[in-house]
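To start, the structure itself, in structure tokens.
Here the structure is a predicted model, which means the values were calculated and not measured.
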Amino acid sequence: NFGERTFTAGDMTRVVGSLSDENNELSDALMQMGCTEPNNPVRVGYWLRAAKDKIGGGWKLVHDGHSMRGVKWRLQRLNGDLT
């Protein structure tokens, strides 16, 4: 849903609760990865902070600064070099 664009925990919870996730795919994926409440922006924020710099599927979750809406995150595509 976000590609390499920045997003906040609130953005993630809006997608989880929207029609674009009507099959609960994002919600289910977040819960399988340890996010206990994917509809709660505070819990998603804690989960994102704990997952910072983790790598999966060729992507790395990185902190991308702050905005008036909260902490910004971004998925960074890796080029096969995981060092």
Side-chain angles (χ1 to χ4, degrees):
N1 282 304
F2 299 109
E4 294 186 54
R5 295 184 318 260
T6 61
F7 58 91
T8 65
D11 294 333
M12 286 188 79
T13 58
R14 279 188 287 284
V15 170
V16 166
S18 73
L19 291 176
S20 65
D21 194 36
E22 64 187 24
N23 296 323
N24 297 321
E25 292 174 16
L26 180 57
S27 177
D28 291 345
L30 288 171
M31 289 192 332
Q32 287 177 6
M33 292 185 290
C35 181
T36 58
E37 297 179 49
N39 290 304
N40 180 325
V42 173
R43 292 288 181 197
V44 171
Y46 285 133
W47 177 80
L48 286 166
R49 185 173 60 189
K52 178 181 155 192
D53 295 329
K54 290 195 177 173
I55 298 170
W59 295 87
K60 179 179 179 180
L61 178 66
V62 296
H63 181 267
D64 199 37
H66 298 273
S67 73
M68 292 178 64
R69 295 179 14 219
V71 176
K72 295 189 304 184
W73 299 94
R74 183 172 48 84
L75 293 172
Q76 177 181 352
R77 185 183 304 268
L78 302 175
N79 295 329
D81 180 22
L82 301 179
T83 59

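With hydrophobic clusters built from ILVMFWY side chains whose heavy atoms lie under 4.5 angstrom apart, Val42 does not share a cluster with Met33. Cluster annotation: Phe2 is connected to Leu75 through the hydrophobic network of ILVMFWY side chains, with a link wherever side-chain heavy atoms come within less than 4.5 Å. Under a hydrophobic clustering in which Ile, Leu, Val, Met, Phe, Trp and Tyr are joined whenever their side-chain heavy atoms come within less than 4.5 Å, directly or via other members, Met31 and Leu26 fall into different clusters.
Side chains of Leu61 and Asp53 form no contact here, defined as non-hydrogen atoms less than 4.5 Å apart.
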Criterion side-chain contact (heavy atoms from CB on, under 4.5 Å) on Val71 and Arg49, from CA distance to verdict:
CA-CA 9 Å; Val71 176; Arg49 185 173 60 189; over 6 Å; no
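A side chain to side chain donor-acceptor pair (under 3.5 Å) check over residues 58-75, counting only residues at least two apart or in different chains, returns the pairs Asp11-Arg69.
Scored by the ring pair (Phe, Tyr, Trp, His ring centres under 6.0 Å) test, Tyr46 finds no partners at all (sequence neighbours excluded).
When all heavy atoms of Val44 and Thr13 are compared, the closest pair comes out as CG2-CG2, 3.6 Å. When all heavy atoms of Ala9 and Gly45 are compared, the closest pair comes out as CB-N, 3.5 Å.
The CG atom of Leu30 sits 8.0 Å away from the CG atom of Leu48 when rounded to the nearest 0.5 Å.
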